[in-house]
Structure formats: C-alpha cells, structure tokens
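On a predicted model such as this, the values are computed, not experimentally measured, just so you know. Letters A, B, ... are given to chains in the order of the sequence lines, protein chains preceding strands, and every chain is numbered from 1.
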Amino acid sequence: MRDAIRLGLAEAATVGALPAAAGELGGAVEVERPGNPEHGDLATNLALRLARPLRMAPPQIGAALAAGLNALADRDPAFPILRAAVAGPGFVNLVVRDAALERRTMAALERPADWGRTPAGPSPRHVNVEFVSANPTGPLTVGNARGAFVGDLLARVLEAGGQRVTREYYFNDSGTQVRNLGASVLAIRHHQPLPEDGYHGDYVADLAGALPGDLAGVAGLSDAGREEREWAVGRWASERIRAGIEASLAVLGVHFDAWTTEGSLHAEGWVEQAIERLRAGGHLYDQDGALWFRSTALGDDKDRVLIRANGQPTYFAADVGYLVQKFSRGFDHLIFVWGADHHGTVARVRNAAAAMGYDKAAVEMILTGWVRFVRDGVEISMSKRAGTFITLDELLGDLGADAARWYFASRGANVNMDVDIELARRQSSENPVYYVQYAHARIASILRKAADSGLTRARSVSGLLAGPEEGRLARVVVRFPEVVEDAATAQETHAITTYATELATAFHAFYRDARVVDPAEPERSAGRLALVEAARITLANALGLLGISAPESM
RNA sequence: GCGCCCGUAGCUCAGUGGAUAGAGCGUCAGGUUGCGGACCUGAAGGUCGUGGGUUCGAGUCCCGCCGGGCGCGCCA
C-alpha cells in the first residue's frame, strides 16, 4: 500500500502537478486508518508532511497526489487503490479495491503459518535478548516476572518481524550469596540458628530436607571445613533452584537458548580480553591501587572501577567482558531487559561498548517499569532474603499463564503499575484475553458445525467482499501483517493485543449480522466459511505471537 | 542536590507532530423462538498534573514548577 502511494506521488510529479523532486520524497509514507469510516479505508498524511519541503499548501499537494492515484487506478485494474480524495487539512483518503483485499485474505488461507510474519530475508539481524537473569538464590518472584514477560514477548515480536533471536539468561554462580545460601541450608539441616543475612524462605527448609547426606556432613565442623562445605552446598542448592526457575518459566512458555554465568566470563578470559581492548584504546588509568575506566570522557557522570585495589574485578568488569563475549558470538544487536533500578548502569555499559570499538547503537537497554503489588491499597513488601514474597508460580496459579501474558503484553514495558492481587484474582475472568479466545472458539465451533452439515470452504474468496458484512471483517483481517511489522519496529506488543481485540469485535459483529452455516445457501456459506477461517487463523496467529493459547472450545 | 522514568475517563492502560483524544473493566439503559449470551447496541464519564514556549497544527517536541517512583558504591 505504501508502494502504491509512492507510485501515485511519482505519477503526480511526472504529469507536472508537483515538482519533480516530489517523486523522491515518498520515503516515509505514513498510512493510517481514519477514525471515521466515512473517510475511507485508509488515509495518508503525506501531503501535510511534504508541505514544508515542497513549499506548497497541503491541500494543493493532496489534490495532486489524489489525482495521481486516481489516474493509476483508472489505468490499471490491478492497482490496489480504487479511488483517492483529498479532505480536511490535506489528508488523502483512500478506498481499497476489493480485489486487493481478496488477494491478502487468500494469503492467510494459503499459508497460515506465515500469515503475519515478516519474511526473514537472506541475512536477518541476529539479536541477543537477555532477560530475567535473577540469581538463583530463591524461586522466581512476581517481581522477576515483569522481565520474563517483557523479554519473551519482545523476543517473539522480533522473530515475527523477521529477525533471529537468542534468548539468554545471565546469572552469578560464584558470589558470596551462594555460600550464604549454602550456610543457610546447612544451618536448617543441622537445627542451628541461621547466619546473619541468611535466607529464610520455606524453600530453604525444603532444600535442607532434600540435601543428600554426603553433602550435609555432620554438624559442628571446624571453621576451615565448614567454609568449603558451605560453598559445596551453596552450589548444589543454587543449581537446584536454577532448575526450578527453568521449570517455572517453562510453565509460562518461556525457554532460554543460553544460560551464561558470571564465573565463565572470568574463567574463559573474556573480562581480561575486554580490559586489554580498553587499555589499547587508552580508556584506562590506575588510581588508588584500582583500575578505572574513563567513562566520563564519553559523557557518564563518573569514572568506573574495573579492578578493585584488592585485585578483585567488579561486577561492571564482568559486564564489559560479557559485551566482548556476546559480540564475538556474532550478534548484530544486544538487548538487555533490566529493572528500572538498573538505569544508572546503562551509560557506563554502552560507553564501554563504544570505547571497545563496538557500535553503541547496537547495545540497547530496555528498562521495565516497577510492578507494585498491593493488597487493600497497601504495598506488599517483598524480600527474597527474608522469605516474604509472592512467587511467579503462585501468580500463575491464580491468573493462569494466558491471562498473565495478556496483562503484560497490553502494557508498555516501561510503565509503572500497581497490581491489586485480590482484584486481579476477581477480575481474571474479565480479562479481555477471554474475549479474544472466545471469538476463536466460536469460529472453531462454526467450522465444526459446517463440517457436520457437509458444507465446505470455498477455494477462492473472489467477489465475496462485495457484501458489506464480509467487507468489514476482511478489512480488519488484512491489516494483521502491518500490525505485526509495526510492533516489531516499535519493539512493543500492545498494538497486537489492541488489534486482536478489534478483530474479535469485528468477528462478533459479523456473527451477529451474517449467518455462516446455512445449508439452504451452500455457495454463500462456502465463501463465508473461507472468510471466517481467515479470521480464525489471524486470531490464532495473533495469540500465538503473544504465547497465548487459541482454544477450539472453552 | 544531581540524573533517569512516570503523570491521559471512577479503575487499569493505549495514543509513530495531524481530522471529533481511544480501549477494556466498572456504572446506567436496551437486545436473542437462528451457527456458543464468556455475545451484541447505545449512553454517561476528560482543564491529557500545571504554567510558559516552538509550530500552520502539541497529549506528543523544548523549558520551569507540582506529585509519584528509581538511581547517584572499589555492592551485586
């Protein structure tokens, strides 16, 4: 459609209605759907956009563009636009030819698996999306959940947009918190008091119960032996928790392609390599016995320590090593899904990437907004260490994965929100996701009914869309690929949920006005069955893109 | 104090500088002797936090202020 408008612009330039330069300016054609149906199927504000560069009044440009489009429509019966007209301050309203709608509807029916997906192209961008990355010292909480939803939805929408995605989970398997966890498990196992800053949750007791005897040892070890044992138990517990996290995420439909540990970045020399790169570029200096990165030279508020005076690398050093590790794996673009509290680290990591010679624009952080869980208007404070938290498993048990996914998919990643647990439980049945799923189930039911009546789907929808009810539904169905493409560009999913709701509404209205299964009218039924199947495929793909099921009945 | 994010209908949220600011939920009033009533039709409800500025045009961009959140470690 955008191409068609560019052709119209070129046509106007060719016949001299617009300056010759106009033909070159169609790059950023914007097509939108008018709020008012009387304005046609589509509208473009191109004439308003071109007013400045062309130094002409928008209505004048619009009239020329409309004339160009109409000339093409008259000349070429296959031109997707039937007619164009300028209106208001310079909008060009477009009516789409039925044949063009029918072609796109057929595309959904002929290749349902591809419908809505942007073709990948010969060398798709390969994106690394790192998310969740909670350290395995306790089960995933609802606090971690935001990142899980946002990251997975982002990965899915990028894939649908034709990009290659690797989902990655980063965690620390060697920090003092691991030893602390081990000490906590051992303390409970041996009925001793928990260490200061120990972990208190029920899951720690569960781990203590499950701890194999040879690891548990005997109580009252000497201090030297105790430390070693705490580390060993910590590593055991940590891996067990990590596996539990993996299982929780699997229930959500979230799977990772790579699990990377902070320890491996040091052990495999990535941190060292990063430091050498920075040193070679003159970005490092020694002060007070520590090794610093001159981040201020690139606009940060302060310089950052990479190696402490005691010789230990900082967490930031691992981040920098991780950049080298990821880029050396061949990714074109790195996305980090972080909680909003990490915004202070964005600048330094991106600066380090630039200092090492990578493209700063290829390192992107998406900061998720805060989710405050409240009960009766009072925030529920959560602490993993104190053992007071709501787990992701509990949330899913209450809401179900589909409702939870929809909830997060329909909101921007960076907005803060309050979730009232009780309200969410009560309202889960009001979740719009069921409205959309219901439309899908209703169509599935119709298709079953049709099969029982011996009716079959038409092989072509040619001529079908002349019916006003059919036309209205088809006009929504055919928008799907552009909705997906735009969502992938924006890296947001709420356009998908909004669209899916609109399509469900359009179908429900169609259902009211047009009987599909009618043995007395087999031919008309066949055509409508094809259209309704196209709508079903679209609903299923929209839901599938969000990781939500499309039930045949409910 | 400095920096970043947020402020849109009663609630939860959409809204690439463009036409009359939208949706769901909630509220109110209606609708089915037909393929699934988890549905449909309609109504009420808005100083887009606030004051300036840029622009032919601002919820959107810029500046100030108010309110909320988060950061500002040789922690992770």
Please check if atom [atom1] in [X] has more than 12 non-hydrogen atoms from other residues, nucleotides or ligands closer than 6.0 Å.
X        : atom1 : result
A/Arg83  : CZ    : no
A/Glu469 : CD    : yes
A/Glu523 : CD    : no

Mapping A/His343 and A/Arg304 onto RNA chain B by nearest heavy atom, which one lands closer to the 5' end?
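The 5'-side residue here is A/His343.
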Select from A/Thr505 and A/Glu262 the residue whose nearest nucleotide in RNA chain B is closer to the 5' end of that strand.
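The residue whose closest nucleotide sits nearer the 5' end is A/Thr505.
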When the [atom1] atoms of [M] and [N] are compared, how many Å lie between them, rounded to an integer?
N     : M     : atom1 : result
B/C40 : B/A21 : P     : 25 Å
B/G68 : B/G26 : P     : 32 Å
B/A19 : B/C48 : P     : 16 Å
B/C70 : B/A9  : C1'   : 28 Å
B/U20 : B/G37 : C1'   : 33 Å
B/G67 : B/C61 : C1'   : 22 Å
B/U41 : B/U50 : C1'   : 40 Å
B/G10 : B/G49 : P     : 13 Å

Could you state the atom-to-atom distance from [atom1] of [X] to [atom2] of [N] in whole Å?
X        : N     : atom1 : atom2 : value
A/Ile443 : B/A38 : CD1   : C1'   : 15 Å
A/Phe510 : B/U41 : CZ    : P     : 15 Å
A/Asp301 : B/C4  : CG    : P     : 9 Å
A/Ile446 : B/G37 : CD1   : P     : 10 Å
A/Asp452 : B/G34 : CG    : C1'   : 17 Å
A/Gln437 : B/G24 : CD    : C1'   : 15 Å
A/Arg472 : B/U41 : CZ    : P     : 11 Å
A/Arg512 : B/C40 : CZ    : C1'   : 6 Å

How is [X] classified with respect to the nucleic acid when contacts are heavy atoms under 4.0 Å: base, sugar-phosphate, or nothing?
X        : value
A/Asn172 : sugar-phosphate
A/Ala487 : nothing
A/Ala439 : nothing
A/Ala290 : base
A/Ser445 : base
A/Arg515 : base
A/Gly412 : sugar-phosphate
A/Gln287 : base
A/Ser410 : sugar-phosphate
A/Val516 : base

Duplex segments of RNA chain B, taken as runs of at least three Watson-Crick or G-U pairs that stay under 3.5 Å
B:1-7 with B:66-72, B:10-13 with B:22-25, B:27-31 with B:39-43, B:49-53 with B:61-65
What is the ring orientation for A/Phe336 with A/Trp338, classed by angle as parallel under 30°, tilted 30 to 60°, or perpendicular over 60°?
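Plane angle between 30° and 60°, so tilted.
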Evaluate the ring planes of A/Trp292 and A/Tyr285, with Trp represented by its six-membered ring, and classify them as parallel (under 30°), tilted (30 to 60°) or perpendicular (over 60°).
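Parallel.
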Under 5.5 Å between ring centres and under 30° between planes: true for A/Trp370 and the base of B/G69?
no
Within the stacking criterion (centroid distance below 5.5 Å, interplanar angle below 30°), does A/Tyr511 stack on B/C35?
yes
Hey, could you give me the CD/OG1 distance between A/Glu130 and A/Thr260, rounded to the nearest 0.5 Å?
8.0 Å
A/Asp341 side-chain proximity, nearest of B/A19, B/G71, B/A38:
B/G71
From C-beta outward on A/Met554, which listed nucleotide comes closest to its side chain: B/G36, B/C70, B/U41?
B/G36
Cationic N near anionic O, under 4.0 Å, A/Arg536 to A/Glu533:
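Yes, charged N to carboxylate O under 4.0 Å.
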Taking the six-membered ring of A/Tyr407 as reference, does the NZ or CZ atom of A/Arg411 fall below 6.0 Å from its centre and within a 45° cone about the axis?
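Yes, A/Arg411 lies over the aromatic ring of A/Tyr407.
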Is [X] near enough to [N] that one of its side-chain N or O atoms lies under 4.0 angstrom from OP1 or OP2?
X        : N     : value
A/Asn414 : B/C6  : yes
A/Arg411 : B/A14 : no
A/Arg308 : B/C75 : yes
A/Lys302 : B/G73 : yes
A/Arg442 : B/G37 : yes
A/Tyr435 : B/G37 : no

Working for side chain to side chain contact (heavy atoms under 4.5 Å, CB included), residues A/Asn414 and A/Leu367
CA-CA 6 Å; A/Asn414 64 340; A/Leu367 302 178; 5.8 Å; no
Can you check whether any acceptor in the base of B/A19 is under 3.5 Å from a donor in the side chain of A/Asn93, or vice versa?
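Checked by distance alone, the answer is yes.
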On the side chain of A/His342, is there an atom forming a donor-acceptor pair with the base of B/G71 - under 3.5 Å, no angle test?
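A donor-acceptor contact between them is absent.
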Can you list the steps and then say if A/Asp486 with A/Thr489 is a side-chain hydrogen bond (donor to acceptor under 3.5 Å, both in side chains)?
CA-CA 5 Å; A/Asp486 290 347; A/Thr489 303; 5.2 Å; no
Taking only residues two or more places apart in sequence, or in another chain, which ones meet A/Ser295 in a side chain to side chain donor-acceptor pair (under 3.5 Å)?
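If we apply the side chain to side chain donor-acceptor pair (under 3.5 Å) test to A/Ser295, skipping adjacent residues, the hits are A/Asp300, A/Asn351.
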